[in-house]
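The block underneath contains the structure these notes are about, expressed in structure tokens.
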Amino acid sequence: MTTSQGPTEPQPPVSAAVRLAGVEKSFPVRDGTTTVALSGIDLDVAPREFVSLIGPSGCGKSTLLRIVGDLIQPSGGTVQVNGKPAHQARLDRDYGMVFQAPVLFDWRTVEANVRLPLEVMRFSRAERDRRVREMLDLVELGGFLSHYPHQLSGGMQQRVAIARALAFQPALLLMDEPFGALDEMTRERLNAEVLRIWAQTRTTVIFVTHSIPEAVFLSTRVVVMSARPGRITNVVDIDLPQPRTEQTRETERYFELVTEVRESLRGRITSSAARARAEGAIG
Amino acid sequence: MSDVARTGPPPGEGETPPTGEGRVGGRDPIASAEPLAEADLTLATAPEPSGERPASGRWRGLVRAVVALTLFLVLAALVWEGFKFLAGDPWRYPEIGFVHHPPFRILQATDRQLPHLWDIASALAQPVQRNQQETLGGFLVGAALYTWQEALIGFAVGAVIGLVLASLFVHSRLLERAFVPYVIASQTIPIVALAPIIVVGFGRGLIAVVIIATYLTFFPVTIAAMRGLSSSDPRALELMRSYAASKWQVYRKVRLPASVPYVFTALKVAATGSIVGAIIGEGPGGVPAGLGRAIDNFNQQYISGPEKLWATILVSALLGIAFYLIVQAAEALILRRRRTARPG
């Protein structure tokens with residue numbers, strides 16, 4: 001497994017930001033049987049990696065993200081985050097979360113929305129103000145402090161949500177289809193912005209998406225999943241050079257990787273074949 | 001998924017210029033293969049069924065309510081006098097040369113039963129009793145203020161009790177199961193049956209009346225606040241969970257603010273309820289003044305002067321409406337910045 005262009009090499013498993021081993025999730029169904037949502041998930045994510053989870057509806061990618069974030073419990077297997085169980089990591093406030101909808105509070109201004117986690121975590125007033133400004137500058141919404149969410153566009157709202165998720169400098173950013181509800185132009189713009197923020201903040205990101213170009217453009221690795229039961233069918237290393245720009249989307253390698261991810265999704269490429277191809281391409 | 005629309009703007013809203021984010025009709029051909037396959041994309045942008053109201057709409061709503069009320073009052077007056085014109089006592093106004101004999105005669109439309117509106121209005125300008133200086137109008141305004149004061153205390157106490165009960169119930173299924181049935185049952189007891197018991201228990205006077213007003217207030221607030229406190233976006237709660245927020249923080253920063261629109265809907269019901277409670281309570285409560293006492297008195301004088309009782313009923317109704325509008329104005333003021341799905 002090589003992420004040749006990531007900020008750091010995902011090396012020793014001890015320092016893994018996220019380590020999933022044999023994670024399973026099954027839900028009871030009304031008739032007494034169970035549905036297996038996730039089966040045998042093994043995945044290591046190195047610090048400062050940007051890993052995308054991609055797969056068809058119902059493959060459990062969002063479920064997996066929620067398991068990592070300790071929002072739901074796995075039925076089996078272990079989840080380690082920064083060497084701790086996921087539960088402890090949540091109590092230590094290691095997670096920043098961004099959902100598909102911005103989930104902003106309509107009675108709070110932009111500034112107050114970003115401030116919410118800082119209030120919950122009892123940051124000092126001065127520290128709160130400093131960080132809110134810093135984060136809103138980071139997502140280029142410094143001029144919108146006292147706006148209310150409904151006064152912003154969908155893309156701007158999602159940027160507020162990102163600023164809020166990063167305000168307390170979590171070690172791990174979990175993003176669940178954050179741009180799924182946005183139009184393609186806005187999505188591409190925000191993709192570039194997320195990469196810039198990622199480079200600046202040096203957080204580890206796990207990003208759920210169902211957009212192939214988005215996954216390829218953003219990630220250091222793309223984890224391809226299949227449904228029923230949800231499992232990992234392939235991991236594609238994205239060796240596009242950093243920093244990535246709009247030109248990256250027009251390179252031949254980009255299109256090759258898009259094709260590779262797409263064919264993995266169609267089940268044409270097994271894990272080992274992909275590995276061989278990827279290595280061949282690098283070599 | 002339906003509450004996505006509550007936190008997000010309508011999908012048609014354009015990007016604002018400062019960011020320069022444009023909208024395009026078409027999609028990247030590479031992207032089109034997967035994203036469109038997911039059904040929840042369309043759900044996410046579907047409008048909230050209960051609709052959204054921009055903040056300015058609340059003020060407009062208030063103005064509309066006042067206009068609608070005026071229209072209703074005019075219409076009611078026309079029906080009232082029209083009924084009398086068709087089936088009441090003869091209209092004799094020789095001073096303006098108008099005499100009219102209604103074609104029909106129905107007991108309920110006679111001057112004893114249904115006085116002319118102008119007779120009620122002129123009764124307001126006449127003394128309450130013979131040999132007294134105070135006009136009926138002045139007396140009724142004083143009585144209304146007295147009753148409103150009782151109702152206001154009952155309203156405030158009832159609202160607080162309702163909010164506290166709802167907060168307990170949404171945090172404890174055990175408490176909810178144990179007590180909510182009794183909260184509901186409490187409202188099936190007729191207040192007229194309960195009033196004497198309260199008066200015996202707490203003595204005659206203001207406290208008994210306030211308790212009765214409270215009794216009619218706390219219920220709608222409890223029920224609505226329970227709904228409101230449970231109305232938070234589940235993802236907002238997940239977000240708070242990811243912050244490792246305490247239960248109190250979740251309550252204070254998410255659940256309570258989210259319940260405010262619901263609570264206001266109940267407060268509007270409670271406003272009129274508290275006045276009804278105060279009026280009913282004044283009889284057995286034995287307070288010296290108020291609209292309830294006025295109703296008791298003028299009831300006994302109904303045969304000789306039905307206008308007085310009608311005037312009192314009119315003032316009572318106006319008091320209820322005024323209190324309702326005050327709460328509505330407070331709602332418009334407090335929620336002016338919000339754009340949120342409104343309950344009910």
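Naming convention: chains lettered A, B, ... in sequence-line order (proteins, then strands); numbering from 1 in each chain. Heavy-atom basis, side chains included; hydrogens, waters and symmetry copies ignored.
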Measure distances from B/Val250 to the heavy atoms of chain A and classify the residue's part below 4.5 Å as side chain, backbone, both or neither.
neither
For residues 115-124 of chain A against chain B, heavy atoms under 4.5 Å, the residues are A/Leu116, A/Pro117, A/Glu119, A/Val120, A/Met121, A/Arg122
Between A/Arg108, A/Gln158, A/Arg164, A/Met97, which has the largest tally of heavy atom pairs under 4.5 Å with chain B?
A/Arg164
Charged N to carboxylate O below 4.0 Å: is that the case for A/Glu246 and A/Arg249?
yes
Leading residue by heavy atom contact count with chain A [cutoff under 4.5 Å; candidates B/Arg252, B/Lys253, B/Gln249, B/Arg241]:
B/Arg241
In terms of relative ring orientation, are A/His150 and A/Tyr148 parallel, tilted or perpendicular, with 30° and 60° separating the classes?
parallel
Anything under 30° is parallel, anything over 60° is perpendicular, the rest tilted; go ahead and classify B/Phe179 against B/Phe169.
parallel
Under 4.5 Å from any heavy atom of chain B - which part of A/Asp92
neither
Considering only NZ, NE, NH1 and NH2 on the basic side and carboxylate oxygens on the acidic side, decide whether A/Glu193 and A/Arg196 come within less than 4.0 Å.
yes
More than 12 heavy atoms of other residues, nucleotides or ligands under 6.0 Å from CH2 of B/Trp148: yes or no?
no
Is the centre of the B/Phe155 ring less than 6.0 Å from the centre of the B/Phe323 ring?
yes
Output every pair passing side chain to side chain donor-acceptor pair (under 3.5 Å) with a member in residues 155-174 of chain B, not counting sequence neighbours, ordered by first then second residue.
B/Ser167-B/Tyr251
A/Arg66 and A/Asp176 ion-paired at < 4.0 Å
yes
